2 protein chains.
Amino acid sequence: MATTERQPGKASPRDRLLDAAARLSYQDGVSVGIEALCRAAGVSKRSMYQLFDSKDAMLAASLERRIPWYEAQLAHPDPGSATPRERILYVFEQLARASLDAGYHGCPYLAVLVELKDPEHPASVVARGVKEALAARFRTEAEQGGAREPELLARQLVLVFDGASARAGAGVERLDDGLVMATVTALLDAAGVRQA
Amino acid sequence: MATTERQPGKASPRDRLLDAAARLSYQDGVSVGIEALCRAAGVSKRSMYQLFDSKDAMLAASLERRIPWYEAQLAHPDPGSATPRERILYVFEQLARASLDAGYHGCPYLAVLVELKDPEHPASVVARGVKEALAARFRTEAEQGGAREPELLARQLVLVFDGASARAGAGVERLDDGLVMATVTALLDAAGVRQA
DNA sequence: CACGGTATACACCGATCGGTTTCTTTCGTG
DNA sequence: CACGAAAGAAACCGATCGGTGTATACCGTG
C-alpha cells in the first residue's frame with residue numbers, strides 16, 4: 001500500500017500534531033512551545049520537523065485544516081429553505097452559542113492576527129483569508145437579501161462578528177442575551193434587508 | 001528634598017521604563033523580553049527589578065499610566081456644547097483617525113486581553129477596567145441621549161469599537177471611509193438617540 | 001567630607017526557546 | 001525473514017527567558 005492506513009483509535013502523527021497545535025495555540029496563545037505541542041501530540045520533535053519546515057508552518061497548517069469545520073459551523077444547516085436574512089442571523093446565533101462554551105476564547109483566526117502582529121507570518125495569511133471569506137459570504141447574502149449597500153453591510157457585520165467574538169473571548173462581554181442579535185437586526189433593518 | 005527632581009531633558013528611570021514598556025509591548029506584543037525593554041529604556045535590569053516586583057507588574061503599571069491619555073483622546077474637546085450623540089460619534093471619529101497612523105495596532109487594552117488569555121494577570125485587570133469605563137461612558141451618553149435601552153446601546157457601541165479597532169489593528173479593515181460612522185449612526189437611530 | 005539611596009554594569013541562575021543530531025525502535029512490505 | 005522508511009527518545013546547539021547577586025559609580029543631603 002502506498003500510504004499507510006491507520007486504525008480508528010490512532011491518528012497519524014501529522015494529524016495529532018495539527019490537532020494539538022490548534023488546541024494549545026488557541027488555549028494558550030501562539031507562543032506555546034513546540035516542546036509542549038509535541039508532548040501533547042505524543043510525537044517526537046524529530047518527527048515534527050520532518051513533517052513541517054518550522055513551527056510557523058505547522059501553526060499555519062493547523063489553522064488551515066480547521067477552516068472547513070469552522071465555516072461549516074457558521075453555515076445554515078438548510079441554506080436552500082432559509083432566507084438570506086436567516087442565513088446571516090444564523091452565523092451570529094452560532095457565534096453566541098459557541099461563546100457559551102467554557103473554553104471559548106474568541107475567534108481563533110482573529111486571535112492569531114492580533115497575537116502575531118506580523119502580517120507576513122504564514123499563519124496570518126491563512127487567518128486573513130478566513131476573515132475575507134466571511135466578509136465575502138456576508139456580502140453575497142447582503143446582495144441576495146436586497147441590501148441597499150451590500151458591501152457596507154458586509155463590513156459592518158464582520159465588525160460586529162469580530163467585536164463580539166473578541167470581547168466574549170476576552171471575558172468582558174456575554175453574548176447569551178440578545179446583544180448580537182439585536183445589533184445585527186438593527187443593521188439589517190437599516191440596510192433594508194428583506195424580512196422574508 | 002524627598003523626591004529627586006529631574007531636568008526636562010531626562011525622564012526618571014521609572015518613566016523611561018513605563019514608556020518603553022507601553023511602546024514595545026504594543027508594537028511587538030506582551031511577550032517582549034525584559035532585556036529588550038531595559039535596553040530600549042536605557043535602564044539596567046537591576047534597576048527595573050528594584051522599581052517593579054516583576055515584568056507583569058511593570059506591564060500593568062505601564063498600561064495604567066496610559067489610561068488618562070487614552071481616555072482624553074476619546075473625549076470630546078468641548079463636552080459642554082456637544083450633544084450626547086455628538087460625544088458618542090466623536091469617540092469613533094477619533095478611533096478612525098487613530099487607525100490611520102502607520103503604527104496603529106488596535107486598542108492596546110483589548111490586545112492585552114487577547115494576548116494574555118489569563119484574566120487574573122494584573123495587566124488584564126487594568127485592561128478590563130478600561131473597557132468597563134468605556135462602556136460606562138457610552139451608557140451615560142445613551143441615557144442622556146434618550147436611548148430606549150441605554151445599557152443595550154452601550155454594549156453595542158463597545159462591540160463596534162472593539163471590532164473596529166481589532167480589525168483595523170490587524171490590518172484587515174480600513175476605517176477611513178464612513179464604515180464606523182455609518183454603523184454607529186444606524187445603532188444610534190435604532191436606539192432612538194436624539195439628533196440634536 | 002562622609003553618608004546613604006539610586007543607578008549602573010555584568011556575571012550568573014535554571015528553564016525554556018526553536019531547531020538539529022544521533023541512535024534506536026517499530027512495523028508494514030517485499 | 002530481511003529490508004527500509006517512519007517514528008521515537010534523548011542529547012545537544014546557541015540564544016533568550018524572567019529574575020538575582022555583587023560590586024561599583026553617582027549624587028543630593030546631613
Side-chain angles (χ1 to χ4, degrees), chain A residues 1-21 24-25 27-63 112 115-118 120-124, chain B residues 1-21 24-25 27-63 112 115-118 120-124:
Chain A
M1 212 172 289
T3 62
T4 302
E5 293 291 343
R6 304 268 165 186
Q7 48 272 47
K10 185 107 172 172
S12 74
R14 183 163 207 276
D15 288 346
R16 277 181 283 152
L17 273 171
L18 290 176
D19 286 343
L24 287 183
S25 74
Q27 204 170 58
D28 305 336
V30 297
S31 57
V32 279
I34 43 179
E35 221 107 27
L37 288 182
C38 290
R39 205 181 316 122
V43 172
S44 72
K45 235 202 297 193
R46 189 74 185 88
S47 304
M48 191 237 120
Y49 276 105
Q50 275 169 348
L51 292 166
F52 302 98
D53 289 345
S54 65
K55 179 196 176 185
D56 292 352
M58 180 181 59
L59 178 62
S62 84
L63 288 180
V112 155
E115 291 176 40
L116 316 166
K117 297 169 191 304
D118 175 15
E120 312 284 341
H121 193 292
S124 295
Chain B
M1 210 172 289
T3 62
T4 302
E5 294 290 343
R6 305 267 166 184
Q7 47 273 49
K10 185 105 172 174
S12 75
R14 182 163 207 277
D15 288 347
R16 276 181 285 151
L17 273 171
L18 290 175
D19 285 343
L24 288 183
S25 73
Q27 204 169 60
D28 305 336
V30 296
S31 56
V32 279
I34 294 192
E35 222 107 24
L37 287 181
C38 290
R39 205 180 317 123
V43 173
S44 72
K45 229 197 312 189
R46 200 77 192 85
S47 304
M48 192 238 120
Y49 277 104
Q50 274 166 353
L51 292 165
F52 303 98
D53 289 345
S54 64
K55 179 198 176 183
D56 292 353
M58 180 181 59
L59 178 61
S62 85
L63 288 180
V112 155
E115 291 176 40
L116 318 165
K117 299 174 190 302
D118 175 16
E120 312 285 341
H121 193 294
S124 294

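Bear in mind the structure is a predicted one, so any value in this text is a computation, not a measurement. Throughout, a chain's letter reflects where its sequence line sits, starting with A, and its residues are numbered from 1.
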Side chain to side chain contact (heavy atoms under 4.5 Å, CB included) partner of B/Leu37, chosen from B/Met48, B/Arg16, B/Met58: B/Met58

So which atom in B/Leu24 and which in B/Ala36 form the shortest heavy-atom distance, rounded to 0.1 Å? CD1-O, 4.0 Å

Quick one: the side chain of B/Arg46 and the base of D/dT20, do they pair up donor-acceptor inside 3.5 Å? no

Check: protein-nucleotides 17-19 of chain C nitrogen or oxygen pairs below 3.5 Å:
from: C/dG18; atom 1: OP1; to: A/Lys55; atom 2: NZ; distance (Å): 2.6
from: C/dG18; atom 1: OP2; to: A/Ile34; atom 2: N; distance (Å): 2.9
from: C/dG19; atom 1: OP2; to: A/Tyr49; atom 2: OH; distance (Å): 2.8
from: C/dG19; atom 1: OP2; to: A/Lys55; atom 2: N; distance (Å): 3.0
from: C/dG19; atom 1: O5'; to: A/Tyr49; atom 2: OH; distance (Å): 3.3
from: C/dG19; atom 1: N7; to: A/Lys45; atom 2: NZ; distance (Å): 3.1
from: C/dG19; atom 1: O6; to: A/Lys45; atom 2: NZ; distance (Å): 2.1

What is the distance from CD of B/Gln50 to P of C/dG5, rounded to the nearest Å? 12 Å

Among all residues two or more places apart in sequence or in another chain, which pass the side-chain contact (heavy atoms from CB on, under 4.5 Å) test with A/Ala60? A/Pro122, A/Ala123, A/Val126

Could you tell me which non-hydrogen atom of B/Val30 sits nearest to which non-hydrogen atom of B/Glu115, and how far apart they are? N-OE1, 2.8 Å

Given C/dT8, C/dT22, D/dA7, identify the nucleotide with an atom nearest to the side chain of A/Pro13. D/dA7

Whole angstrom is fine here: how far is it from CG in A/Leu17 over to P in D/dA7? 10 Å

Measure from CG on A/Leu37 to C1' on D/dG8 and round the result to the nearest Å. 17 Å

Whole Å only: how far is the CG atom of B/Leu51 from the P atom of C/dT6? 9 Å

Just grab all the side-chain hydrogen bond (donor to acceptor under 3.5 Å, both in side chains) pairs involving residues 47-57 of chain B, residues at least two apart or on different chains. B/Ser44-B/Ser47, B/Asp56-B/His121

Does a side-chain N or O of A/Ser44 approach OP1 or OP2 of D/dA7 to a distance below 4.0 Å, or not? no

Write down the atom of A/Val112, the atom of A/Ser124, and the distance for their closest heavy-atom approach. CG1-N, 4.4 Å

